[in-house]
Amino acid sequence: MPELPEVETVANGMHARVAGERIVRIWTSGKPQTFKTPEAELTQALTGSAIESVRRVGKTIVMTVSGKKQAVEFLIHLGMTGRLLVCDSGQPMAPHTHAILTLADGREVRFVDPRRFGRLSIHKPSEKKPDAPASYTGPGREPLTISADDFVALFRHRKTPIKAALLNQSLLHGVGNIYADESLFRAGIRPRRQAGRLTRDELLRLRKALIEVLRQAIKLGGSSVSDYVDADGVRGFFQLQHKVYMRGGEPCLVCKTPIQRITLAGRGTHFCPNCQH
DNA sequence: AGAAGGACCTGCACGC
DNA sequence: TGCGTGCAGGTCCTTC
């Protein structure tokens with residue numbers, strides 16, 4: 001569920017609340033699918049270490065902790081329904097809690113994920129190539145910092161629909177179903193258009209719309225469609241700004257034409273047949 | 001090479 | 001009430 005703005009909100013919130021804290025104890029649920037790194041190894045890597053920073057890379061939350069010998073990175077991918085929360089130890093444990101990090105001051109960081117598409121893992125910087133780009137970074141570019149020319153070049157010669165290209169994490173990081181639909185609406189481009197056939201002008205419009213939508217969503221704490229909450233359990237507000245996402249059959253807010261819903265790249269896709277060409 | 005489709009999970013809203 | 005269906009913010013693997 002969480003896309004770039006939601007992951008950014010959670011990562012920033014976590015950083016503000018837990019940077020500098022020591023992890024004294026780990027509990028894990030024993031659901032093997034959740035743990036890309038085996039639970040014993042994860043527990044070993046985190047117990048007794050101090051949290052240096054928490055940041056977002058693509059849709060991954062990267063928690064850097066000072067290990068006994070070297071700093072390691074604790075990677076949290078929220079999947080569709082993952083939540084990362086800071087709470088007091090007295091709080092009752094929510095169903096589908098899969099990991100709890102107890103901090104030295106008694107608070108806890110909890111990972112809760114009903115559908116279990118989320119993944120937890122430990123990444124150790126390579127000793128041979130400590131400066132090598134981390135594997136979780138992937139080849140995709142960050143949409144908030146990519147230049148206009150590089151953005152246009154990403155889609156050149158691609159026959160795939162522009163929406164599928166936006167969702168492809170090896171091209172762009174962090175764009176998911178909501179922000180793909182919303183940015184295409186704001187750019188006036190139909191989701192099925194072949195990426196490689198968009199004009200430079202259209203792609204520049206798309207980049208501008210995507211950056212605007214992502215920035216505004218970060219400002220509003222992300223989109224809470226059903227169960228997304230930030231590190232304090234607080235919902236976001238960008239869902240109130242959705243123009244097409246999950247509005248199939250409802251009138252377009254600009255021209256009143258019913259919003260159309262199709263399936264594209266296996267995902268529900270929403271657009272205005274009048275405003276988007 | 002690259003794209004479609006199914007698989008992985010639980011929960012909820014809907015219709016009968 | 002209760003069941004069956006379809007759908008949900010993501011990604012990975014297989015197939016074509």
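Residue numbers start from 1 in every chain, and the chains themselves are labelled A, B, ... in the order their sequence lines are given, proteins ahead of strands. What's counted below: heavy atoms across the whole structure, side chains too, no hydrogens, waters or symmetry copies. Keep in mind it's a predicted model, so treat the numbers as computed, not measured.
- OP1 or OP2 of C:dT11 lies within a sub-4.0 Å distance of a side-chain N or O belonging to A:His77.
- Note: CZ (A:Arg116) to C1' (C:dA8) measures 17 Å, nearest angstrom.
- Only the P atoms considered, C:dT11 is 23 Å distant from B:dC12, to the nearest whole Å.
- When the P atom of B:dA1 is taken as reference, atom CG of A:Leu171 falls 15 Å away, rounded to whole Å.
- Within the 4.0 Å cut-off from OP1 or OP2 of B:dC9, at least one side-chain nitrogen or oxygen of A:Gln33 is found.
- The ring of A:Phe117 lies on top of the base of B:dC8, close enough and flat enough: under 5.5 Å between centres, under 30° between planes.
- When the P atom of C:dG10 is taken as reference, atom NZ of A:Lys163 falls 9 Å away, rounded to whole Å.
- For A:Lys159, no side-chain nitrogen or oxygen approaches OP1 or OP2 of B:dG2 to under 4.0 Å.
- The shortest non-hydrogen separation linking A:Val24 to A:Ala104 is CG1-CA, 3.8 Å.
- A 6.0 Å sphere centred on CD of A:Gln44 holds no more than 12 heavy atoms belonging to other residues, nucleotides or ligands.
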Quiz prompt | A:Gln276/A:Cys272 under side-chain contact (heavy atoms from CB on, under 4.5 Å): CA gap, chis, key distance, verdict | solution = CA-CA 6 Å; A:Gln276 293 171 256; A:Cys272 172; 4.0 Å; yes
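- In this structure, A:Arg261 reaches the sugar-phosphate backbone alone: every heavy-atom distance under 4.0 Å involves primed, P, OP1 or OP2 atoms, never a base.
- No engagement by A:Gly118 is indicated, since no non-hydrogen atom pair under 4.0 Å with the nucleic acid exists.
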Quiz prompt | A:Leu75/A:Ile61 under side-chain contact (heavy atoms from CB on, under 4.5 Å): CA gap, chis, key distance, verdict | solution = CA-CA 6 Å; A:Leu75 308 182; A:Ile61 296 168; over 6 Å; no
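- Residue contacts for A:Gly266: at a heavy-atom cut-off of 4.0 Å it reaches no nucleic acid atom on any strand shown.
- Taking the six-membered ring where the residue is Trp, A:Tyr245 and A:His270 present perpendicular rings, their angle passing 60° and hence far from 30°.
- Between the CZ atom of A:Arg83 and the P atom of B:dG11 there is a distance of 12 Å, given to the nearest Å.
- Between the CG atom of A:Leu172 and the P atom of C:dG10 there is a distance of 14 Å, given to the nearest Å.
- For the pair A:Arg115 and A:Leu167, both in contact range of DNA chain C, the more 5′-proximal nearest nucleotide belongs to A:Arg115.
- Comparing A:Pro114 and A:Asn168 by the nucleotide of DNA chain B whose heavy atom lies nearest to each, the residue mapping closer to the 5' end is A:Asn168.
- Between A:His96 and B:dG11 there is a side-chain polar atom (N or O) within less than 4.0 angstrom of OP1 or OP2.
- Nucleic acid contact for A:Tyr179: none, since no nucleic acid atom lies under 4.0 Å from a heavy atom of the residue.
- The same atom, P, is picked in B:dG6 and in C:dG6; the two are 13 Å apart, to the nearest Å.
- Side-chain proximity of A:Tyr245 to C:dT11, B:dA4, C:dA8: nearest is C:dA8.
- The two residues A:Ser49 and A:Ser66 have their closest heavy-atom pair at CB-O, 3.0 Å.
- Here the P atom of nucleotide B:dG2 and the CD1 atom of A:Ile162 are 15 Å apart, to the nearest Å.
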Quiz item: Which string of ( ) [ ] | and . matches DNA chain B, if you list each base 5' to 3' and count Watson-Crick or G-U pairs only when both distances are under 3.5 Å?
Solution: .|||||||.|||||||
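- For the pair A:Asp113 CG and C:dA8 P, the computed distance is 18 Å after rounding to whole Å.
- In this structure, CZ of A:Phe111 is placed 13 Å from C1' of B:dC9, rounded to the nearest angstrom.
- Nearest heavy-atom pair across A:Val112 and A:Pro95 is CG1-O, 3.5 Å.
- Contact detail for A:Asp113 and A:Leu78: the closest heavy-atom pair is OD1-O, 4.3 Å.
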